Every structure is written in structure tokens, then in C-alpha cells.
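Notes to accompany the following structure.
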Amino acid sequence: MANKKEMNRRSAIEPKIGHQKTDRELEPNWPKGVNSDAQDAVLSTAGHNLRKILAHLMRLISLIWA
């Protein structure tokens with residue numbers, strides 16, 4: 001049962017990672033180290049989420065101005 005939940009979660013996340021890779025947001029990570037790849041993925045995801053929040057705020061502001 002736990003494996004099925006993990007697979008469902010992974011199938012929801014994989015397209016987002018692929019989208020970030022194709023949009024050049026997730027480029028090869030030059031710093032070396034144990035956590036460098038994980039840090040790069042977290043920062044890229046944080047940037048993606050901030051862009052989504054800003055898009056929603058811009059829609060809200062345009063509704064207020066209209």
C-alpha cells in the first residue's frame with residue numbers, strides 16, 4: 001500500500017521536473033558535494049513556486065484595477 005502511494009506521488013512530480021529541465025531552469029549543477037544536487041532542485045522548485053504566486057497576484061491586481 002505504501003509503495004502505491006509513493007508511485008502516485010512520483011507520477012505527480014515527474015512531469016514538473018521534466019518541465020523544469022526543458023525550460024532550462026534546472027541546468028547541470030557545477031558545484032560538487034553531497035547535497036549540491038538536492039539544493040539545486042530545491043532552489044529551482046522554490047523559484048517555480050514564486051513565479052506561480054506572482055502570476056496569481058498579477059491576476060488579482062488586474063481584477064482589482066478593472
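Predicted model only: the values in this text are computed from it and were never measured. Values below: all heavy atoms of this structure, side chains included; hydrogens, waters and symmetry mates excluded.
- Once rounded to the nearest 0.5 Å, the distance linking NE2 of His56 with CD1 of Ile61 reads 13.0 Å.
- The CG atom of Leu57 lies 10.0 Å from the CZ atom of Arg59; values are rounded to the nearest 0.5 Å.
- Between Thr45 and the options Val42, Asn49, Leu43, a side-chain contact (heavy atoms from CB on, under 4.5 Å) holds for only Asn49.
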